[in-house]
Amino acid sequence: MSAKIGVLVMSYGTPESLEGVEAYYTHIRRGNPPSAEQLKELKDRYEAIVGGVFPLRENTDRQVEALQAALNRDSGEGIEYVCYQGLKHAHPFIEDGVEAMAKDGITQAVGVVLAPHYSVMSVGGYIKRAQQKAEESGIEMAFVESYHLHPELIDVLCRRVSAKLDQFEETGAARGEVRVLFSAHSLPERILAMGDPYRDQLLETSEAVAAKAGVTSWQFTWQSAGRTAEPWLGPDILDTLRELSETQVKYVLSAPVGFVSDHLEVLYDLDIEAQALASELDLRLLRIESLNSDPAYMSVLSDVVRTKADQMKVSQQ
Ligand code: FEC
């Protein structure tokens, strides 16, 4: 008999179509519908990236499929991992994923989020919802909280940074002339007063990648801050680019280490919005490739999931 372990793979979620953007946005805003102007602005951003197609859905599907294959390829005899998707703001929701596990008779599961850094306002929110549903469904669940310094994650990010520095070199810019801008989704400033580890974890990832890639000219900046009245963590990448343009810096490499997929915050906020500002400011801006379902990222995820599963006393089913 083999033991079956459920793996709840959690991700942000994206609308299924332009018609679905309003419901999605309302969910992000905890049930408060956006104004007509806010809705139009968001739809315009989605249309600008790929004309109404939502790349995050397909990327998440591929990541979940690849993770299940990686887990079972390397798993010890007698354990079968079954992956379920649970999205924060779209179908199948986190609760749907847990329910699907329960329907399949899963009694033990590991939860992991497709975001390496922990904040009580990001990963903490995913875990809370999954934990509550798991308790109601009689599933024992353990959670991976963060993996921001996993050696294979640092390695693959270092390779991504080096590849783009090579590209700069091929076009005449010395590696040392390129300022590397590590970035992640901003959060409200109040997380700092709560002692949240998010900012420190992001700085640790950035430092580790820079050290491994031999990068000395780098800084951390935020991006994609929400449109709410309270202060968000800064500086924002657009302000950072403006500041850099007033110095000797001419070449900038964007490394959004807080994200693992191509989606709106990368394809619009960086590739369209930041890129347009960079050309206006006469800065040459490149961006590292997203991890998506790179086997090295799948290996990071399968390692952290397996480590959690090993800590649970697996019962034979
Ligand atoms: O491609 C896509 O369809 C989805 C792209 C997407 C990702 C993403 C990741 C994170 N968010 C985080 C925090 C917040 C907070 C608010 C907020 C608002 C939005 C809006 C859109 C959106 N987020 Fe997001 N986020 C993505 C998309 N996010 C669209 C609404 C319009 C806007 O503000 O731009 C503010 C909520 C509020 O109004 O109170 C907070 C964090 C992450 C990274 C970790 C993770 O993936 O969970 C943190 C991808």
Side-chain angles (χ1 to χ4, degrees), residues 9-18 20-35 37-61 63 85-91 93-94 111-130 143-148 183-191 194 196-199 201-202 205 222-233 236-238 256-273 290-292:
V9 189
M10 294 176 277
S11 175
Y12 203 78
T14 189
E16 271 169 81
S17 63
L18 278 178
V21 172
E22 186 168 8
Y24 173 74
Y25 203 175
T26 303
H27 193 273
I28 289 179
R29 294 163 49 89
R30 293 169 298 279
N32 299 310
S35 67
E37 196 186 327
Q38 286 169 320
L39 181 60
K40 179 177 179 326
E41 197 264 345
L42 182 56
K43 281 188 173 175
D44 287 349
R45 281 194 276 150
Y46 277 113
E47 283 192 292
I49 57 172
V50 265
V53 181
F54 298 84
L56 182 58
R57 188 163 289 272
E58 208 174 292
N59 284 332
T60 305
D61 288 350
Q63 286 169 322
Q85 215 177 106
L87 306 178
K88 196 172 194 181
H89 298 300
H91 289 284
F93 287 104
I94 290 169
V112 66
V113 180
L114 298 176
H117 306 87
Y118 182 91
S119 166
V120 70
M121 286 187 73
S122 62
V123 171
Y126 290 86
I127 293 180
K128 197 169 165 201
R129 282 170 54 185
F143 293 93
V144 175
E145 294 200 336
S146 61
Y147 43 91
H148 67 291
S183 66
H185 202 293
S186 180
L187 280 175
E189 257 177 36
R190 67 188 144 90
I191 63 159
M194 293 154 65
D196 196 84
Y198 188 61
R199 184 179 64 174
Q201 289 193 353
L202 284 157
T205 302
W222 298 97
Q223 63 165 94
S224 316
R227 290 141 173 83
T228 63
E230 67 180 322
W232 286 63
L233 292 168
D236 183 81
I237 190 160
L238 300 180
V257 292
F259 296 121
V260 297
S261 279
D262 282 322
H263 50 54
L264 191 70
E265 317 296 76
V266 170
L267 302 174
Y268 186 86
D269 296 0
L270 296 176
D271 291 0
I272 296 181
E273 196 179 34
S290 300
L291 296 179
N292 293 319

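Just so you know, ligand 1 is whichever comes first in the structure, and atom 1 is the first atom listed for that ligand.
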Looking at [X], which atoms of ligand 1 are within less than 4.0 Å of one of its heavy atoms?
| X | value |
| --- | --- |
| His263 | 1 (O), 49 (C) |
| Arg45 | 31 (C), 32 (C), 34 (O) |
| Ser122 | 48 (C) |
| Leu187 | 40 (C), 48 (C) |
| Arg30 | 39 (O) |

Protein heavy atom at shortest distance from [atom]:
| atom | value |
| --- | --- |
| atom 29 (C) of ligand 1 | Leu42 CD1, 3.5 Å |
| atom 44 (C) of ligand 1 | Ala115 CB, 4.1 Å |
| atom 30 (C) of ligand 1 | Tyr25 CE2, 3.3 Å |

Using the six-membered ring wherever Trp is involved, compare the ring planes of His117 and His148 and label them parallel, tilted or perpendicular (cut-offs 30° and 60°). tilted

Please state whether the rings of His185 and Trp232 are parallel, tilted or perpendicular, taking 30° and 60° as the class boundaries. tilted

[X]: what forms a side chain to side chain contact (heavy atoms under 4.5 Å, CB included) with it, not counting sequence neighbours?
| X | result |
| --- | --- |
| Arg199 | Leu192, Leu203, Trp222 |
| Thr14 | Tyr46, Phe54, Leu56, Arg57 |
| Gln38 | Tyr25, Arg29, Pro34, Ser35 |

Contact check, His89 vs ligand 1, heavy-atom distance below 4.0 Å: no

Which part of [X] is near ligand 1, with near meaning a heavy atom under 4.0 Å away: side chain, backbone, both or neither?
| X | answer |
| --- | --- |
| Lys88 | neither |
| Leu114 | neither |
| Thr228 | side chain |
| Val113 | neither |
| Gln38 | neither |

What protein atoms of element N, O or S are positioned under 2.8 Å from atom 24 (Fe) of ligand 1? Tyr12 OH

Roughly how far apart are [X] [atom1] and [Y] [atom2], rounded to 0.5 Å?
| X | Y | atom1 | atom2 | result |
| --- | --- | --- | --- | --- |
| Tyr268 | Glu273 | OH | CD | 5.5 Å |
| Asp196 | Tyr118 | CG | OH | 7.5 Å |
| Leu264 | Tyr12 | CG | OH | 10.0 Å |
| Ser186 | Tyr198 | OG | OH | 7.5 Å |
| Lys88 | Tyr24 | NZ | OH | 10.0 Å |

Hey, does [Y] have a side-chain heavy atom less than 4.5 Å from the side chain of [X]?
| X | Y | answer |
| --- | --- | --- |
| Leu233 | Ile191 | yes |
| Phe93 | His27 | yes |
| Val260 | Pro116 | yes |

Check: [X] N/O within less than 3.5 Å of ligand 1 N/O:
| X | answer |
| --- | --- |
| Tyr46 | yes |
| Tyr126 | yes |
| Tyr198 | no |

For Asn292 and Asp262, indicate whether the former's side chain and the latter's backbone hold a donor-acceptor pair under 3.5 Å. yes

Do side-chain atoms of Ser119 reach the backbone of Met121 as a donor and acceptor pair under 3.5 angstrom? yes

Heavy-atom neighbours of Glu230 CD exceed 12 at 6.0 Å: yes

Which residue from [options] reaches closest to [atom] through any of its heavy atoms?
| atom | options | answer |
| --- | --- | --- |
| atom 40 (C) of ligand 1 | Phe54, Trp232, Tyr268, Tyr24 | Trp232 |
| atom 3 (O) of ligand 1 | Ile49, Leu264, Thr60, Thr14 | Thr14 |
| atom 34 (O) of ligand 1 | Arg227, Arg29, Met10 | Arg227 |

